[in-house]
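I have placed the structure first, in the form of structure tokens, so that the comments after it can refer back to it.
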There are 2 protein chains.
Amino acid sequence: MSKYLQMIRKSTDLRQEEIKKAVLSIIHRDGLKNLSTKNLAREVGISEGAIFRHFNTKRDIIMSIMDDVIEDLIENLRKISLEDIPPPERLFKYLCNTVTYLLENQGITILLFSEASYENDAEMLEKLNYIFNNQKQLAGKIISDGIAFGTWDESVSVVDLSSLYMGIPITLNIELILNRENFQQENFCKRMFEFILKILKK
Amino acid sequence: MSKYLQMIRKSTDLRQEEIKKAVLSIIHRDGLKNLSTKNLAREVGISEGAIFRHFNTKRDIIMSIMDDVIEDLIENLRKISLEDIPPPERLFKYLCNTVTYLLENQGITILLFSEASYENDAEMLEKLNYIFNNQKQLAGKIISDGIAFGTWDESVSVVDLSSLYMGIPITLNIELILNRENFQQENFCKRMFEFILKILKK
DNA sequence: ATCATTTGTAAGTATTTGCTCACAAAAATA
DNA sequence: TATTTTTGTGAGCAAATACTTACAAATGAT
């Protein structure tokens with residue numbers, strides 16, 4: 001007679017995706033503290049041992065999610081920054097894509113900002129750094145293009161404006177954590193973009 | 001013969017301050033993960049039991065630090081927002097005071113942004129909300145004053161600009177965690193203030 | 001000087017954590 | 001069909017965590 005009844009098997013590839021999704025669900029719903037491997041296993045619907053069949057360590061799961069962000073968000077933004085459309089239009093698209101991604105992947109926000117500083121893990125911080133600095137520098141590139149193009153005020157400091165720009169997605173993140181219901185997220189990117197445009201106006 | 005040698009005693013008031021300082025030191029130096037009561041006791045130089053003589057729970061320590069932020073930072077900003085000086089000058093002072101506070105209390109940054117979302121603790125989130133929204137609304141008040149005064153463009157949305165404004169201290173926080181050495185923090189508030197001014201210009 | 005109060009210690013506690021292991025069973029391959 | 005490989009289970013592990021407790025010693029009031 002069988003010892004375990006109705007065991008559902010899936011490939012490691014599929015399970016890895018399920019596990020990563022479950023991580024974000026737990027963080028978004030219950031907070032980072034509840035992201036134990038036990039809870040994670042329950043969320044996925046497998047045993048705790050199975051989790052470690054598909055990932056060597058819990059840390060590997062987090063790192064893999066960070067790699068996803070790099071692949072999905074950053075590489076998309078890189079493409080946009082290189083598109084052959086006028087800088088104003090390009091910067092707008094760039095900002096709105098960022099905002100959309102953050103709205104669609106809300107668990108990631110907490111994961112990125114909390115986990116790295118929580119763990120104080122050098123490799124994690126490096127990945128986070130990569131994500132942050134690429135977002136910033138690619139935005140800076142578009143701004144530089146617009147200035148070189150003659151569209152925008154050349155006296156504006158690209159570095160400084162990139163810093164201010166980065167405040168937009170980050171504030172969005174914070175507002176989503178703190179004011180999730182009150183926050184007016186419609187046209188958020190448009191409204192913020194108008195401000196950036198005004199700064200860049202000759 | 002004495003069982004313990006050279007026991008240094010201090011009042012609960014003093015110890016509470018020492019403990020709270022130690023919390024920020026540990027977070028700043030080793031990350032939130034290393035903020036165990038055991039490490040905390042070692043950092044202060046007392047036994048773990050003594051920690052619980054001065055605070056009932058570890059959570060109480062964090063809450064008390066958050067109350068300090070409200071008392072030290074927010075109440076100071078409130079006063080500035082009510083000062084009888086021209087809005088541009090007032091907003092500049094407001095921003096620079098915020099920046100200075102954040103630079104001088106770097107452990108607090110991580111504590112505020114990570115701990116609350118880590119614990120997913122309603123009361124903690126409420127305090128964080130209070131800190132965030134007051135900073136934002138008081139800045140908004142100064143902007144409104146300037147518009148009412150006739151100095152600034154009345155077509156600017158105060159709510160939206162306050163959101164953008166909040167990006168400044170928050171980005172500063174992130175940069176301090178990620179780029180601590182490279183980050184150019186001199187005149188940071190001035191450079192950011194110039195951007196806000198340009199947006200507000202008629 | 002006596003004694004209650006306060007502040008300290010050291011050695012516990014129960015619980016949770018990330019992770020391992022021996023083995024069961026489904027799926028792929030021969 | 002027979003065998004190997006992959007995916008699963010559930011019990012259990014050492015280490016860490018927040019917190020407690022019994023008792024020691026310093027301090028302040030009488």
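Remember, it's a predicted structure, so these values are computed and weren't measured experimentally. Letters A, B, ... mirror the listed sequences (proteins, then strands); counts begin at 1. As a basis for the values below, the full set of heavy atoms in this structure was taken, side chains included, without hydrogen atoms, waters or symmetry mates.
Looking at heavy-atom distances under 4.0 Å, A:Leu35 makes contact with sugar-phosphate atoms alone, never a base. As judged by a 4.0 angstrom heavy-atom cut-off over every strand, A:Ile51 is placed among residues making no nucleic acid contact. Within 4.0 Å of A:Ser36, counting heavy atoms only, lie sugar-phosphate atoms of the nucleic acid but no base atom.
Note: CG (A:Asn34) to C1' (C:dT16) measures 12 Å, nearest angstrom. In this entry the distance linking CD1 of A:Ile26 with P of C:dT17 reads 11 Å, nearest Å. As rounded to whole Å, 10 Å separates atom P of D:dT7 from atom CD of A:Gln16. Remark: P of C:dT7 and NZ of B:Lys10 are 13 Å apart, rounded to the nearest angstrom. Here the P atom of nucleotide C:dA11 and the CD atom of B:Glu48 are 13 Å apart, to the nearest Å. Rounded to whole Å, atom P of C:dG18 lies 14 Å from atom CG of A:Asp60. Between A:Phe55 atom CZ and D:dT7 atom C1' the separation is 15 Å, expressed in whole Å. One interatomic measurement links the two molecules: CZ of A:Arg53 to C1' of C:dA27, which rounds to 14 Å at whole-angstrom precision.
For the pair A:Arg15 and D:dT6, the criterion of a side-chain N or O lying under 4.0 Å from OP1 or OP2 is not met. Checking the phosphate oxygens (OP1, OP2) of C:dG18, no side-chain nitrogen or oxygen of A:Arg59 falls inside 4.0 Å. Listed pair B:Ser11 / C:dT6 fails the phosphate criterion, with no side-chain N or O lying under 4.0 Å from OP1 or OP2. Taking side-chain N and O atoms only, A:Thr37 has no distance below 4.0 Å to OP1 or OP2 of C:dC19. Residue B:His54 has a polar side-chain atom (N or O) positioned under 4.0 Å from OP1 or OP2 of C:dG8.
Checked against C:dT20, C:dT9, D:dG8, the side chain of B:Ala50 finds its nearest nucleotide in C:dT9. Distance from the side chain of B:Lys58 is smallest for D:dA18 among the nucleotides C:dG8, D:dA18, C:dG18. Comparing C:dT9, D:dT7, C:dG18 against the side chain of B:Ser47 picks out C:dT9 as the nearest.
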Could you walk me through whether A:Asp84 and A:Arg90 pass salt bridge (charged side-chain N to carboxylate O under 4.0 Å, His left out), step by step?
-> CA-CA 8 Å; A:Asp84 192 23; A:Arg90 213 191 314 160; 5.9 Å; no

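Below the 3.5 angstrom threshold, one finds a donor paired with an acceptor across the side chain of B:Arg9 and the base of C:dT6.
In summary, A:Lys21 and A:Glu43 do not engage in a salt bridge, as defined by a charged side-chain N under 4.0 Å from a carboxylate O.
Taking the six-membered ring where tryptophan is involved, the planes of A:Phe193 and A:Phe92 are tilted, since the angle between them lies from 30° to 60°.
A:Ser114 places a side-chain N or O within donor-acceptor distance of the main-chain N or O of A:Ile110, the cut-off being under 3.5 Å.
Atom NZ of A:Lys198 is surrounded by more than 12 heavy atoms from other residues, nucleotides or ligands within 6.0 Å.
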